[in-house]
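The structure under discussion appears below in the form of structure tokens.
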Number of protein chains: 2
Amino acid sequence: MNLKELAGILGLSQTTVSRALNGYPEVREATRKRVMEAANIHNYKPDMRAKGLATGRSMAIGHVVPLSTQHEMVNPVFADFIAGAGEIYSDNGYDILLSVVADVDEENAYRKFRSGRSVDGVIIHGPHAEDPRIALLTELNIPFVVHGRAGDNEDRYNWVDVNNRHSFLRATEFLLDLGHKRIGLLNGLESMDFARRRREGYAAALLARDIPIDPDLMAAGEMTEELGFRNAKRMLAESAPPTAFLVSSMSMAIGARRAISDAGKTLGRDVSVVIHDDDLSYLKNGSNIPIFTAARSPVRQAGRLCAEMLLEIIANPDTEYRNVLLESELMVGMSTGPAPKQD
Amino acid sequence: MNLKELAGILGLSQTTVSRALNGYPEVREATRKRVMEAANIHNYKPDMRAKGLATGRSMAIGHVVPLSTQHEMVNPVFADFIAGAGEIYSDNGYDILLSVVADVDEENAYRKFRSGRSVDGVIIHGPHAEDPRIALLTELNIPFVVHGRAGDNEDRYNWVDVNNRHSFLRATEFLLDLGHKRIGLLNGLESMDFARRRREGYAAALLARDIPIDPDLMAAGEMTEELGFRNAKRMLAESAPPTAFLVSSMSMAIGARRAISDAGKTLGRDVSVVIHDDDLSYLKNGSNIPIFTAARSPVRQAGRLCAEMLLEIIANPDTEYRNVLLESELMVGMSTGPAPKQD
DNA sequence: ATCGTTTTTCAAAGCGCTTTGGATGATGGA
DNA sequence: TCCATCATCCAAAGCGCTTTGAAAAACGAT
């Protein structure tokens, strides 16, 4: 069933049927109603490709997922982010066009989006400290929103980000206030913008209290359970082991907990842990009392915000750059306590 | 830059340029080369919508992600499945069209895929024991592959599944052989086909050894850390607590481990745990020795297989239904040991 | 040189929609 | 009664590609 056929059945022109369906005013209400009903009965839905060709819009948002050959990981927050963004897309009739590509082909994926006119806008995930994608998309003139930030020039593109620096600064202070002096940092890859900012926050808090920064207490890497375990284990085995950890993700913290427990220590008593919590739906940080004391910032909400922002930009291209900086919420849970007395 | 312009530059007709670009034989090799080079130089890429309109193909595979209002969870294996499938899609020039919809609108999403001609095929995720989507897609005549199975009529559609029944049967036997008699089952929602089959395998193994099935030792629910914790905790608090758990996912097992540890017991000594391991990239089950003894079946590999199957079906519509039944691999790790002697 | 083949190229139609630029008829004020 | 106005509808062009059917060019054989 296509427009022509439907128009035929109704004894109307394609023009009128199209207008009736798309809510244009040049059609009598009675006619519109008749058209709508017929469309329903015959289950008519427009061919999106033809519609796209004619209108110039594709009603899809592009997300590129780079599959690195080196680190085999898919960003674990991706599913929840998409769920959040998807809610908004869905409400507005948009779909997601996902391009999974080897990371070396990422640039080409965006170019294909552009030339293929397959998407109306793009969301950038996991920005690095200096991220070439921003310049690329600006050049390609595709509307885009960055989930996170990338280094400087923050006012030259649209982004939604968590105040990672402040979040980790405050979390560090929280541990310092509890008397901890040796605080380990289990961070994400510091080529990532967010991880770099977190380290800055951590370092700034220590410096402000004249606590030396010990490189042995800082680890950065992929945020897996395994790596959380390994790095925590290594630090705990040092001559002056940390009494607290600041951990960049729930999955790493689970690994850290395993290491703490393997070392015969008790979480929240011998060793405190504060995490950044993206509030992933399948790794919730407890129901009432948080398992881990956490700086929480729901990634799903970030997804919603990014999507809303992007759709606004698409509808309204020539406005100022938009930036949203979210503050995390510090939730005190059961994984933190006063620094143990020294023997 | 569109075809017309490119043809203009080259002094050729659109026909010839199109044919040169798409590898048709009716064009001189020298001409083809010239066209290809010009296309590269001018960074010409075809408008996918126009191409789709003309060819009837969209070079996209549809995946529908239902956002349940009741259980707020996004399937955590989704990201890894997509990564696997995406590799194959990517190699063949396909993208993924993701439709995130409220679960009540799921049927409509598939109908839109069909009428909007936005996808060439579809993958069904997380099939329920009786799943209406199979009849729907069959009726809509969209090529599709099910990741999993749905109840009976297994030979009437295409699927890739893990032999969940056998996997859990064998895992249960493994525990029985270690002397465990009271084995708790922490399962996924048993409206899901895979969970039902796992329970069957578990039950069959117990029955074969004349061990009564105790409903108090069986829990089914969403596969979150939290629920793994709660259900394990409840069972451990019983008068005759289990000495082993069979757990349907890594995240639940992490919760179970927390419950075991909270109960003052030691994993692998006082309480054994065997899990189903989807081998998710950010929740790897250890690097050398598995943390948990596990029936492993990489979901990423399943994604690849589903995608390959679907693309074959699209290229070759009128072939027999294809079914692939994967066996999981039992990896003995550190979470299992002989049943503790009774006092 | 001529004619039938084969190779190479092209003009134009068509995919299903939107949108421009009328056309038609009804309405109402002078 | 006549003409301007407005509401309603339509025919046809156009979006950028593929593909059909035909023409032009090149080639080989006679």
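The structure presented is a predicted model; accordingly, all values stated were derived computationally and were not measured. Note on naming: letters A, B, ... go to the chains in the order of the sequence lines (proteins, then strands), and numbering restarts at 1 for each one.
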Do NZ/NE/NH1/NH2 and the carboxylate oxygens of [X] and [Y] come within less than 4.0 Å?
X: B:Glu29; Y: B:Arg32; result: yes
X: B:Arg133; Y: B:Glu107; result: no
X: A:Arg304; Y: A:Glu308; result: no
X: B:Asp80; Y: B:Arg300; result: yes

Would you tabulate the pairs of protein nitrogen or oxygen atoms and nucleotide nitrogen or oxygen atoms of nucleotides 26-28 of chain C closer than 3.5 angstrom?
none

In the 5'-to-3' direction, what one-character label does each nucleotide of nucleotides 15-20 of chain D receive under the scheme B = base within less than 4.0 Å of a protein heavy atom, S = sugar-phosphate only, - = no such atom?
-> BBBBBB
Any side-chain N or O of A:Arg28 less than 4.0 Å from the OP1 or OP2 oxygen of D:dA7?
-> no
B:Glu26 CD - D:dA24 P separation (whole Å) = 19 Å
Rounded to whole angstrom units, what separation is found between the CG atom of B:Leu12 and the C1' atom of D:dA25?
-> 14 Å
Tell me what A:Gly116 touches on the nucleic acid: a base, only sugar-phosphate, or nothing, going by heavy atoms under 4.0 Å.
-> nothing
Heavy-atom closest contact ([X] atom, [Y] atom, distance):
X: B:Pro127; Y: B:Val146; result: CG-CG1, 3.7 Å
X: B:Phe113; Y: B:Ser99; result: CZ-CB, 3.8 Å
X: A:Ile142; Y: A:Gly121; result: CG2-CA, 4.0 Å

Beyond-backbone contact of A:His63 with A:Val122, side-chain heavy atoms, under 4.5 angstrom | no
Name the orientation class of the two ring planes belonging to A:Tyr94 and A:Tyr89 (parallel below 30°, tilted from 30 to 60°, perpendicular beyond 60°).
-> tilted
Which pairs, protein N/O on one side and nucleotides 26-28 of chain D N/O on the other, fall under 3.5 Å?
none

Of B:Arg117, B:Arg57, B:Lys51, which is the lone residue that meets side-chain contact (heavy atoms from CB on, under 4.5 Å) with A:Arg49?
-> B:Arg117
